[in-house]
Amino acid sequence: IHPEVRKIHRLADPPEFVFTHVDDSALLVEYRSRRGLCVLADGMLAGAAAYYGEAASISHEQCTHRGDDACLMRCRFTPAVEAGAGRDGD
């Protein structure tokens, strides 16, 4: 969606994401934004996992709030243990 935002709003400065597949249950997410809203990205990842019936364990290996150039989140996904979690429980 961010490329479309840039087409409409020439001066928009949306965040940038780079996703790297680690293995069948893990993903590295690099987040870059001058706004520093990595906690929002964290919540979106956790919410998407819950929607699909999985739990997300997210660790912030790098963070701009600690002086790093970008935020790097390692996400590990496991099946949710709660009955009715995710889409099938709707």
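- Atom-to-atom distance recorded for L27:CG and H21:NE2 is 8.0 Å, nearest 0.5 angstrom.
- When each of T20, V22, I58 is tested with R74 by the rule side-chain contact (heavy atoms from CB on, under 4.5 Å), just one qualifies, namely V22.
- Within the 4.5 Å cutoff, the side chain of L45 has heavy atoms near those of the M73 side chain.
- Using modelled atom types, one side-chain atom of H65 and one backbone atom of G36 make a donor-acceptor pair closer than 3.5 Å.
- The closest side-chain heavy-atom distance from S57 to C75 is not below 4.5 Å.
- In this structure a side-chain-to-backbone donor-acceptor pair under 3.5 Å is missing from S59 to E61.
- Atom CG of residue D69 and atom CD of residue E30 lie 9.0 Å apart, to the nearest 0.5 angstrom.
- Scanning both residues, F17 and A41, for their nearest heavy atoms gives CE2-CB, 4.0 Å.
- When all heavy atoms of C38 and Y31 are compared, the pair lying nearest together is N-CE2, 3.5 Å.
- In this structure, the separation between SG on C71 and CG on L37 is 9.5 Å, given to the nearest 0.5 Å.
- Nearest approach of A46 to A56, heavy atoms of both residues: CA-CB, 4.2 Å.
- Side chains of R76 and S25: a donor-acceptor N/O pair is present below 3.5 angstrom, by distance only.
- With respect to H60, the side-chain contact (heavy atoms from CB on, under 4.5 Å) criterion is satisfied by exactly one of L72, D68, V39, D42: D42.
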>> Pair L28, F19 - check side-chain contact (heavy atoms from CB on, under 4.5 Å), show working.
In response: CA-CA 6 Å; L28 282 177; F19 299 93; over 6 Å; no
